[in-house]
K.L.:
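My questions all concern the structure below.
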Amino acid sequence: MNEDLTLYVAAFVDEMVKVGVKDVVVSPGSRSTPFAIVMAEHPKMRVHMNIDERSAAFFALGMAKTKRKPVALLCTSGTAVANYLPAVVEAYYSRVPLIVLTADRPHELRDVGAPQAIDQIHIYGKHAKWFVEMALPEKSVEMLRYARTMAARAAAVAMSAPSGPVHLNFPFREPLVPTITEQTWKQIEAKESSYIDVSIGKRTLENEQFQQLYEQLARVEKGIIICGEMDKPGFAEAVTMLAKTLDYPILADPLSQLRNGMHSKEYIIDSYDAILKDEKIASSLLPDVVIRFGAMPVSKSLFLLLKYHPAITQIVVDGEGGWRDPTLMASQMVYCDEIEFCNRLVELGAQKRRGSEWATTWQTVNKIAKETLLEAGKEEQLFEGKVFIELSELLPEHSVLFVGNSMPIRDADTFFMTSDKQIRVIANRGVNGIDGVVSSALGASTVTEPLVLVIGDLSFYHDLNGLLAAKLHRLNATIIVVNNNGGGIFSFLPQATQEKHFETLFGTPTDLQFEHVVRMYEGDYRKVETWNEFRHHVKHSIETNGLHVIELCTSRQDNVMKHRLLWESVSREIGEFLEK
Ligand code: TPP
């Protein structure tokens, strides 16, 4: 009977379940056996097996992001632990709560040439919000309470602002197989409820601070609200009310969750990236004040506007108390829950300012830009941007659109415009990696369906291993691979002028036939050549269970040319309007 080990691990797992951590992504290994078996035995814990730790960690990240709750990860000792690093880093920067549990050799077997032993202490550095080297298992009442306390605290730290990953390292001595019986759960049930119930509050300001902010803003006519990545239920309604009160347009990033849904779109500007590409136009639309919510938006032209116009007063509101200002131009940091901030200013703004020329100009310019960009929707040839125009029509209510990094997120910014459909748009924008995107999307698909991922060919290649989860767990997902045979983004950058080295160092064509891989994972594979085929297969894949991969082959040269032509048309049309 391995009672010390069994009861200690069972107490930890039971507490995790009680504080709401009910999903764990497990990778196989020997040292992690105590947790793997206890978790599989716990009646309320859902175990998701994922063999490759790099994919497993991204799978957990996608799941946690979509749930807005912590998800646990479990792996054995050695390089398994190191393979979690990319996802831990992404989770840290994108504020996603993860509880990383790693099994380790006991202290006497460290740094003495024992197999599969590496230094796991603080292995994720500052990318883990909290690190704990756990005590060796013991079944005393005190140590069972210690195990419970650590589990509750791990979830609390992961969830408290800013949310992020925590790492607990568990030394285990052999024998490693726990002896779980019905009695085990009774023995560790110290209390019916959680051992520790943690309440986490929201940040707010004093009444006078709200009053001062309102008075400051009420004096300024030329203001804009900017929303980057943000996924708080209720924020869309609150910020659109604030926009109405102040008569400020909202420049809404595709990840702000403001472009889609039932809230008012009157003030939502979705084509600002194309509008602001022309410096002359941008300088005629300069605001005096900006209120910024969420992460920094994807748009480069918006970033440049904020960076190079120091006269703009930039107010950055962050409910999680970070420092999200890559422009280094913020004038005010406001640490207040974003919904509370909007609601309180709306309450103060009884006298609404409406119908200013400022807001109307932005609305008209946006309309012109949109109409011009939507011309791309008439394109007969396969054009990357049109994927998102088509998806706005094809995606059903309550779908999740997962967007890959590189061109897909930029095309979503330009071509995925406002609609009344409830569509959640998700991406890994903490550090913009092209790694782990397939796994993150598949993790998200375990939480909500239908899920459609749009991804570039290099990014798809990067995480082909991730597809195994779809086969093993019978997941339902549609993956649209935009295959321009290499890194399309680089054709837009100054590197594109380096003809001698461009293809070898940046373009990097792989000439891979993805069909074989998709079939290996028992997915349905379609290559589309026309928009009719595209529509047919997207609709069919959403209505049918299983993994579907739809590949669309495009040309990098054509792509850059078509984007530039569209941006030129937008500048021309808006320029003519503004000169009138
Ligand atoms: N490695 C990682 C893990 N993340 C990165 N962001 C990069 C490298 C640098 N990088 C950014 S975009 C890109 C690379 C290599 C090319 C992506 O190509 P693809 O996924 O085919 O998308 P496309 O640019 O064609 O839209």
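Start at 1 and go down the list; that is how both ligands and their atoms are numbered.
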K.L.:
Got a sec, which pairs hit ring-ring contact (aromatic ring centres under 6.0 Å, His included) with one end in residues 51-92, sequence neighbours left out?
P.N.:
Y92-H127

K.L.:
At the 4.0 Å heavy-atom cut-off, does F490 count as touching ligand 1?
P.N.:
yes

K.L.:
Can you figure out which of I434, N405, D411, D435 has its heavy atom closest to atom 1 (N) of ligand 1?
P.N.:
I434

K.L.:
Under 6.0 Å between the ring centres of F502 and F490?
P.N.:
no

K.L.:
Among side-chain atoms of N169 and T102, is any donor-acceptor pair under 3.5 angstrom?
P.N.:
yes

K.L.:
With heavy atoms of D457 as the reference, note each atom of ligand 1 found under 4.0 Å away.
P.N.:
21 (O)

K.L.:
Hey, are D463 and S439 close enough side-chain-wise for a donor-acceptor pair under 3.5 Å?
P.N.:
yes

K.L.:
Enumerate the residue pairs fulfilling ring-ring contact (aromatic ring centres under 6.0 Å, His included) with a member in residues 433-474, sequence neighbours excluded, ordered by first and then second residue.
P.N.:
F460-F514

K.L.:
Does an N or O anywhere in P408 fall below 3.5 Å from an N or O of ligand 1?
P.N.:
no

K.L.:
Return yes or no for this condition: an N or O of G487 is under 3.5 Å from an N or O of ligand 1.
P.N.:
no

K.L.:
Can you list the ligand 1 atoms lying under 4.0 Å from a non-hydrogen atom of I489?
P.N.:
12 (S), 24 (O)

K.L.:
Below 6.0 angstrom between ring centroids: does that apply to F303 and Y308?
P.N.:
no

K.L.:
For atom 23 (P) of ligand 1, which candidate among S459, G433, S406, G436 holds the nearest heavy atom?
P.N.:
S406

K.L.:
Nearest protein heavy-atom contact for atom 25 (O) of ligand 1: which residue, which atom, what distance?
P.N.:
G488 N, 2.7 Å

K.L.:
Please check if any side-chain donor atom of E573 sits under 3.5 Å from a side-chain acceptor atom of T372, or the reverse.
P.N.:
no

K.L.:
Is there a donor in the side chain of T327 and an acceptor in the side chain of D325, or the other way round, less than 3.5 Å apart?
P.N.:
yes

K.L.:
In terms of residue, atom name and distance, what is the protein heavy atom nearest to atom 6 (N) of ligand 1?
P.N.:
N432 O, 3.2 Å

K.L.:
Yes or no: does G486 have any heavy atom under 4.0 Å from an atom of ligand 1?
P.N.:
yes

K.L.:
Give the atoms of ligand 1, by number and element, whose distance to some non-hydrogen atom of N484 is under 4.0 Å.
P.N.:
25 (O)

